[in-house]
Protein chains: 2
Amino acid sequence: MTNSTADRIIDIAESQMRSGGYNSFSFREISKVIGIKSASIHYHFPTKTDLGVAIANRYTERFLEQLVLIKQEVAEPGERLQRYIALFRYALEKDQKMCLCGALASETDILPEPIRLETKRFFEINLDWLNTAVFPDAPEKATITLASLEGALMMSKILDHFEPFEQVGHRLAALFELCSEEKAP
Amino acid sequence: MTNSTADRIIDIAESQMRSGGYNSFSFREISKVIGIKSASIHYHFPTKTDLGVAIANRYTERFLEQLVLIKQEVAEPGERLQRYIALFRYALEKDQKMCLCGALASETDILPEPIRLETKRFFEINLDWLNTAVFPDAPEKATITLASLEGALMMSKILDHFEPFEQVGHRLAALFELCSEEKAP
DNA sequence: GTCTATAATTTGATAGAC
DNA sequence: GTCTATCAAATTATAGAC
């Protein structure tokens with residue numbers, strides 16, 4: 001059994017969005033790839049905003065599934081962090097693309113409101129998870145973890161090399177282990 | 001004396017690019033804002049790619065000027081880092097926009113080649129500067145500094161709050177001061 | 001569910017007058 | 001340098017047949 005047409009539409013649109021943002025996917029392009037007419041896409045998703053929300057929602061829900069899985073399978077916070085980093089590494093090395101919500105967050109100002117809210121939700125969910133599952137003590141660590149991973153994807157894409165991402169992943173592990181509890185001046 | 005038309009074109013296009021990326025600015029929109037016809041813009045910049053390169057180049061050169069200035073005015077690495085962080089804070093709090101090259105790097109795959117290369121140059125220049133002026137000992141720190149600052153802008157934009165950026169800025173300072181020299185397992 | 005046909009708008013770009 | 005006029009292409013979207 002294969003995917004539904006709606007799923008395939010989301011597949012292709014998501015891929016294009018992760019490459020070039022919200023203004024970089026079109027009904028025509030999607031229709032060419034899957035071999036139907038662009039008018040048919042409107043049957044599944046009446047407007048472009050509707051499709052955009054569906055894409056962001058599926059992406060966030062799938063990501064959340066992985067977060068739940070990690071929490072179930074791994075108890076030790078340091079190893080949970082490694083598994084979390086691996087989610088972003090997968091995006092970079094296998095998909096060779098940005099995190100969808102990272103690509104969208106860079107365009108916050110031009111996103112239709114429903115898509116902006118769904119993108120925001122992705123970041124809130126990730127911060128919540130990091131705060132509870134990895135850094136129960138220091139809330140700022142969740143922020144720098146997510147920020148540096150999103151930035152690392154961006155840098156590895158433009159520099160066309162995995163090294164920036166791996167350096168950040170390595171540093172995050174060190175940050176976790178070595179600076180466990182300190183105070184600022 | 002006021003700016004030249006070419007400068008004003010770049011001003012507006014840069015602003016739109018920083019809000020929504022490369023596919024988010026158009027000759028028509030620019031022409032409306034500055035009160036000339038879109039055909040006139042082609043006199044200054046024959047193609048959209050030409051304009052895009054000019055925008056990225058001016059942005060990078062201006063940023064580089066600031067980096068040189070910091071190096072001249074401040075000797076202490078920790079204070080240099082504070083001044084560096086302030087460049088990004090300015091982008092967020094005064095312009096209320098992404099770093100131009102951060103917005104473009106997220107769209108690496110769809111950028112015309114000359115724009116991609118100019119964007120890449122921005123990151124290379126920043127890493128070079130951080131490595132020589134702030135972290136002469138540990139090269140990976142430059143990467144996590146730039147990555148987390150770009151990611152912090154992205155997060156503060158989508159979460160619509162300065163807190164993520166300030167948390168990252170605070171953490172970077174702590175990273176600099178407290179984990180000055182350690183080894184990983 | 002998918003098609004044809006079409007509308008209305010926007011886009012980057014060019015030719016040539018002034 | 002800026003204009004008018006125009007173009008070809010791409011965009012989102014709708015109406016209605018099958």
Side-chain angles (χ1 to χ4, degrees), chain A residues 1-58 103-104 107 109-116 118, chain B residues 1-58 103-104 107 109-116 118:
Chain A
M1 81 189 184
T2 182
N3 286 336
S4 72
T5 301
D7 277 334
R8 276 186 295 162
I9 291 169
I10 297 180
D11 287 342
I12 295 153
E14 178 188 304
S15 173
Q16 293 178 347
M17 252 182 157
R18 287 177 65 186
S19 289
Y22 182 68
N23 286 326
S24 188
F25 82 97
S26 74
F27 281 54
R28 285 282 209 293
E29 275 300 310
I30 297 166
S31 70
K32 278 184 205 160
V33 176
I34 65 178
I36 60 174
K37 296 295 171 182
S38 70
S40 305
I41 299 181
H42 286 278
Y43 168 81
H44 301 277
F45 305 98
T47 70
K48 186 173 179 177
T49 296
D50 292 328
L51 176 51
V53 170
I55 297 164
N57 181 260
R58 195 188 70 170
L104 292 178
E107 310 181 308
D109 294 340
I110 59 120
L111 293 181
E113 189 70 358
I115 301 177
R116 207 202 93 233
E118 192 61 22
Chain B
M1 79 187 182
T2 182
N3 286 337
S4 71
T5 301
D7 277 336
R8 276 186 295 161
I9 292 169
I10 297 181
D11 287 342
I12 295 154
E14 176 187 306
S15 173
Q16 293 178 348
M17 252 183 159
R18 287 177 65 186
S19 289
Y22 183 68
N23 286 326
S24 189
F25 82 97
S26 73
F27 282 54
R28 285 284 208 292
E29 275 299 311
I30 297 166
S31 70
K32 278 184 205 160
V33 176
I34 65 179
I36 61 174
K37 296 297 170 181
S38 71
S40 306
I41 299 180
H42 287 278
Y43 168 80
H44 299 279
F45 306 98
T47 70
K48 186 174 179 177
T49 296
D50 292 328
L51 176 51
V53 170
I55 297 165
N57 181 260
R58 193 187 72 171
L104 292 179
E107 309 181 309
D109 295 339
I110 59 122
L111 293 181
E113 190 69 357
I115 301 177
R116 207 202 93 233
E118 192 61 23

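Convention: sequence-line order gives letters A, B, ...; per-chain numbering from 1.
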Let me know the distance between OH of A:Y43 and P of C:dG1, rounded to the nearest Å. 4 Å

Minimum-distance nucleotide to A:S40 side chain [options: D:dT2, C:dC3, D:dA5]: C:dC3

Calculate the interatomic distance between A:E29 atom CD and D:dT12 atom C1'; express it in whole Å. 14 Å

Measure the distance from CG on A:D50 to C1' on D:dA13 and round it to the nearest whole Å. 12 Å

B:H42 vs A:G35, nearer the 5' end of DNA chain C by closest nucleotide: A:G35

Given atom NZ of A:K32 and atom C1' of D:dT12, what is their separation to the nearest angstrom? 15 Å

When rounded to the nearest 0.5 angstrom, what distance separates CZ in B:F45 from CD1 in B:I30? 9.0 Å

Distance in angstrom units between A:L51 CG and D:dT12 P, rounded: 10 Å

Does B:E107 use its side chain to pair, donor to acceptor, with the backbone of B:Y22 at less than 3.5 Å? yes

Please classify the nucleic acid contact of B:K37 as base, sugar-phosphate, or nothing, using heavy-atom distances under 4.0 Å. base

Which part of the nucleic acid does B:S26 contact within heavy-atom distance under 4.0 Å: base, sugar-phosphate only, or nothing? sugar-phosphate

Tell me whether the side-chain N/O atoms of B:T5 come closer than 4.0 Å to OP1 or OP2 in D:dT2. yes

May I ask you to decide if A:F25's main-chain N or O and A:K48's side chain share a donor-acceptor pair within less than 3.5 Å? yes

List the steps, then state whether side-chain contact (heavy atoms from CB on, under 4.5 Å) holds for A:V33 with A:R8. CA-CA 10 Å; A:V33 176; A:R8 276 186 295 162; over 6 Å; no

Reckon A:F25 touches a base, only the sugar-phosphate, or nothing at all at heavy-atom distances under 4.0 Å? sugar-phosphate

Among the candidates C:dT2, D:dC3, D:dT14, find the nucleotide nearest to the side-chain atoms of A:I36. C:dT2

Provide, to the nearest angstrom, the distance between the CG atom belonging to B:N23 and the C1' atom belonging to C:dT10. 13 Å

Does A:T47 make a side-chain N or O approach to OP1 or OP2 of D:dT12 shorter than 4.0 Å? no

What I'd like to find out is whether the side chain of B:E29 reaches to under 4.5 Å of the side chain of B:I12, using heavy atoms alone. no

Heavy atoms only, 4.0 Å cut-off, all strands: where does A:F27 land among base, sugar-phosphate and nothing? sugar-phosphate

Atom-pair distance (CZ on A:R28; C1' on C:dC3), nearest Å: 14 Å

What's the NZ-P distance between A:K48 and C:dT10, to the nearest Å? 15 Å

